[in-house]
Q: 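What follows is a single structure, and I will ask about it in a moment.
Computed from a predicted structure; not experimentally measured.
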Number of protein chains: 2
Amino acid sequence: MATLSDVAQRAGVTAATVSYVLSGKAQVKNETRARVLQAVEDLGYKPNLLARGLAQGKTFTIAAIVPEITNPYYAEIINEVEHIAGAKDYHILLAMSHGNPKVCAHLLDRFSSRWVDGFLIMGGAANPDLIQSMQQTSKPLVLSVWENDPQMENIPCFDIDFYDAGIQATKHLLNLGHSRIAIILEEPIQHTRFGGFKDAMQKAQVEIVPDYIVSGDSSYTSGFAAAQKLLQINPVPTAIFAANDAMAIGAMEAIHQAGLAIPNDISVIGVDDILLAEHSYPPLTTIRTPRRQLAKLIIQTLLAKIENPELVHVEKSAMLLKPHIIVRSSTTPPKKQIY
Amino acid sequence: MATLSDVAQRAGVTAATVSYVLSGKAQVKNETRARVLQAVEDLGYKPNLLARGLAQGKTFTIAAIVPEITNPYYAEIINEVEHIAGAKDYHILLAMSHGNPKVCAHLLDRFSSRWVDGFLIMGGAANPDLIQSMQQTSKPLVLSVWENDPQMENIPCFDIDFYDAGIQATKHLLNLGHSRIAIILEEPIQHTRFGGFKDAMQKAQVEIVPDYIVSGDSSYTSGFAAAQKLLQINPVPTAIFAANDAMAIGAMEAIHQAGLAIPNDISVIGVDDILLAEHSYPPLTTIRTPRRQLAKLIIQTLLAKIENPELVHVEKSAMLLKPHIIVRSSTTPPKKQIY
DNA sequence: CTGAAAGCGCTTACAG
DNA sequence: CTGAAAGCGCTTACAG
């Protein structure tokens, strides 16, 4: 590979001059500039980003840590992040924490050796201590975690307003006239949406039946099993709020297997709006979480901080993005009961 | 951050000595070594990988290009690749080609500026010209593409034996006694497995009905639509071979919707063994593609080439990994017909 | 066994 | 407008 000096030599100038025409950080006579550019062209010169990084203290690299890239939620976010960062010539160094704080700490440690320009940490694997120590490296950091820790001031933190998702899903069912509403959820990570459920129910003065609260692990299978449990309760609920789409779709299978109709016998609503939701049978009513918008927000914030280090975030609380309901065919008013 | 010289000063030695104790590339008196190590500890010294990279021409970075990280197939592979590479302190620079050769070329261009240690390119976006030009950078390269181009010698190329997947799926249905076998597939990327289907049918002297060949785009929805088409044909096929699991599951939905039973009325088989396959209803019989094994193979080969540049691959052809069948409940012998 | 020195490829005050 | 020089933090022959 041709180097800066090669170019300089060919153009009959010094390396500094070449650097200046390439960076535009100093005036260069038109004629010399042309000669330099020609030499660059002739030699197919590509700057060595390593050397540039060493000299400038900047690497055009962003470390992104997600719990699992096999989780479509994070895959979508990383896809968007890479797209936006790539447009500005930043590269993404990807690593998985598998939700494990130790792994996360180790990754952060290794990344800090690389002089990445900034960190993007998603999911709950980064505990406050870790974040605190990160702060000392003075590298920009943006978080997206389920629970927002009040102690972490000055660190931009974005997430989706899952409480509101819980409210919206529950209200939708209530408005349709349901009162025997069950919920399938995974604690503690879906605790926030559960809060929305409880508050909406309470506000509507509808009783929350303890038996109607069943737990799952966010997987399709667990939704299936949870629904089977619910179907054995007398009276059977007329609506099920599954805290994510995977469980909702699993639940629908169980309901079908039991010979019941959706939505006529039981309404089902999910959260996420995964791809499958639109194509399930029946198409699933769900609360769409704006993942791409979230991705955009976190990466743009990070890039802004990288390019303007003096930019300080003073908001104490995390920014939450509002989800919104997508009404499809899995929900309808309950059948009239004859008592 | 403390630097090498900081450590050297504190230990009362020169930077070279510190470098030697850290790299172990030269003998150092025990006593000095201890002093250096102590200083490293005291200062919390972390080597600057940028500087090291510049000096050694090595970055401990691998560029990985996949068509889509939102595709679970690639997400699983990247997950495994990162795991194995990470254990050897390599980092993964991830980028998406979106199956577009121009994007791919642009990415490769940007990556070459970074002096990455090696390239991993998956999917068909890298055309032979590109690969050829890559070769000139003399950086190790490992491919995993659907079609193996015979011209690319000396480049290790691994993939899954999809032809064999086609053979196995078809044979399974034939062995069960099916003869009215339909296939749903996406051309041209699933052409290889189609070849397996055709050869197996031919060998068994079973007629391939043109109407029984319908195309999809690998998505759940397209499988649904394709099955709907098939159900309108008289006679209806007794078995459907969907070229991937997503389409198989979509097809099963369509069959259910039509009021038919799986596998009693129609058997369905897929390819991939995605997570959902085990939990679909009925659990899907499918051909499991060894993705993790593939991931292991490509990253280990790449690492080996990085660490032993003199290692030359002379095999002309790609290495193919054998898939194997997972028999679940979506396939059974056809119902006895009374003519 | 360890120091002095040059070099990896670039950037950036500083002169002139 | 452009050159000479020092520096980014590390490694690696070369002496001794």
Q: Between B:Leu297 and B:Phe158, which heavy-atom pair has the shortest distance, and what is it?
A: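 Residues B:Leu297 and B:Phe158, closest heavy atoms: CD2-CD2, 3.4 Å.
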Q: How is A:Thr17 classified with respect to the nucleic acid when contacts are heavy atoms under 4.0 Å: base, sugar-phosphate, or nothing?
A: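 Counting heavy atoms under 4.0 Å across all strands, the contact made by A:Thr17 is with sugar-phosphate only.
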Q: Determine which pairs satisfy side-chain hydrogen bond (donor to acceptor under 3.5 Å, both in side chains) with at least one residue from residues 75-89 of chain B, sequence neighbours left out, and list them in order.
A: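 Sorted pair list: A:Arg110-B:Asp89, B:Glu76-B:Arg291, B:Glu80-B:Arg292.
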Q: Just by distance, do the side chain of B:Arg35 and the backbone of B:Ala11 share a donor-acceptor pair under 3.5 Å?
A: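 Yes: the side chain of B:Arg35 pairs with the backbone of B:Ala11.
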Q: Using Watson-Crick or G-U wobble pairs with both distances under 3.5 Å, give me DNA chain D in dot-bracket, 5' to 3', with [ ] for crossers and | for pairs to another strand.
A: |||.||||||||.|||
Q: Does A:Pro290 have any side chain to side chain contact (heavy atoms under 4.5 Å, CB included) partners at least two apart in sequence or in another chain, and if so, which?
A: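 If we apply the side chain to side chain contact (heavy atoms under 4.5 Å, CB included) test to A:Pro290, skipping adjacent residues, the hits are A:Ile160, A:Gln293, A:Leu321, A:Pro323.
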Q: Could you state the interatomic distance from CG (A:Leu108) to CG (A:Leu141), rounded to the nearest 0.5 Å?
A: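 Rounded to the nearest 0.5 Å, the CG-CG separation comes out at 8.0 Å.
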Q: Find the distance between CZ (B:Phe119) and OG1 (B:Thr61) and round it off to the nearest 0.5 Å.
A: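 Going from the CZ atom of B:Phe119 to the OG1 atom of B:Thr61 covers 11.0 Å.
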Q: For DNA chain D, what residues of residues 21-34 of chain A have any heavy atom nearer than 4.0 Å?
A: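 Only A:Gln27, A:Val28, A:Lys29, A:Thr32 qualify.
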Q: Roughly how far, to the nearest 0.5 Å, is CD1 of B:Ile65 from CG of B:Leu94?
A: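 Reported value, rounded in 0.5 Å steps: 9.5 Å.
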Q: Got a second to check how far A:Cys104's SG is from A:Asp109's CG, nearest 0.5 Å?
A: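 CG of A:Asp109 is found 11.0 Å from SG of A:Cys104.
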Q: Extract, from 5' to 3' on DNA chain D, the first and final nucleotides lying under 4.0 angstrom from some heavy atom of chain B.
A: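 For DNA chain D, the relevant span reads D:dG9 to D:dA13.
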Q: Within the 4.5 Å heavy-atom criterion, are A:Val81 and A:Ile62 side-chain neighbours or not?
A: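 Side-chain contact under 4.5 Å: no.
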Q: Got a sec? Which of residues 44-58 of chain A come in under 4.0 Å of DNA chain D, heavy atoms?
A: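 Going residue by residue through residues 44-58 of chain A, the ones with a heavy atom under 4.0 Å of DNA chain D turn out to be A:Leu54, A:Ala55.
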Q: Could you check whether B:Ser19 gets within reach of a base, just the sugar-phosphate, or nothing at all, counting any heavy atom under 4.0 Å?
A: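 Contact class for B:Ser19: base.
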Q: Between B:Gly12 and B:Trp115, which is nearer to the 5' end of DNA chain C once each is assigned its nearest nucleotide?
A: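 Mapping each residue to its closest nucleotide by heavy atoms, the 5'-most match is B:Gly12.
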Q: With rounding to the nearest 0.5 angstrom, report the CD1 to CG distance, B:Ile298 to B:Leu143.
A: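 Those atoms lie 9.5 Å apart.
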Q: Report yes or no: do B:Arg52 and A:Ser113 form a side-chain donor-acceptor pair below 3.5 Å?
A: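 B:Arg52 vs A:Ser113: no donor-acceptor pair found between side chains.
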Q: Any idea how B:His91 and A:Phe111 line up, ring-wise: parallel (<30°), tilted (30 to 60°), or perpendicular (>60°)?
A: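 Parallel, since the angle between the ring planes stays under 30°.
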Q: Taking atom CD of B:Gln56 as the centre, report whether more than 12 heavy atoms of other residues, nucleotides or ligands fall under 6.0 Å from it.
A: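 Check passes, neighbour count above 12.
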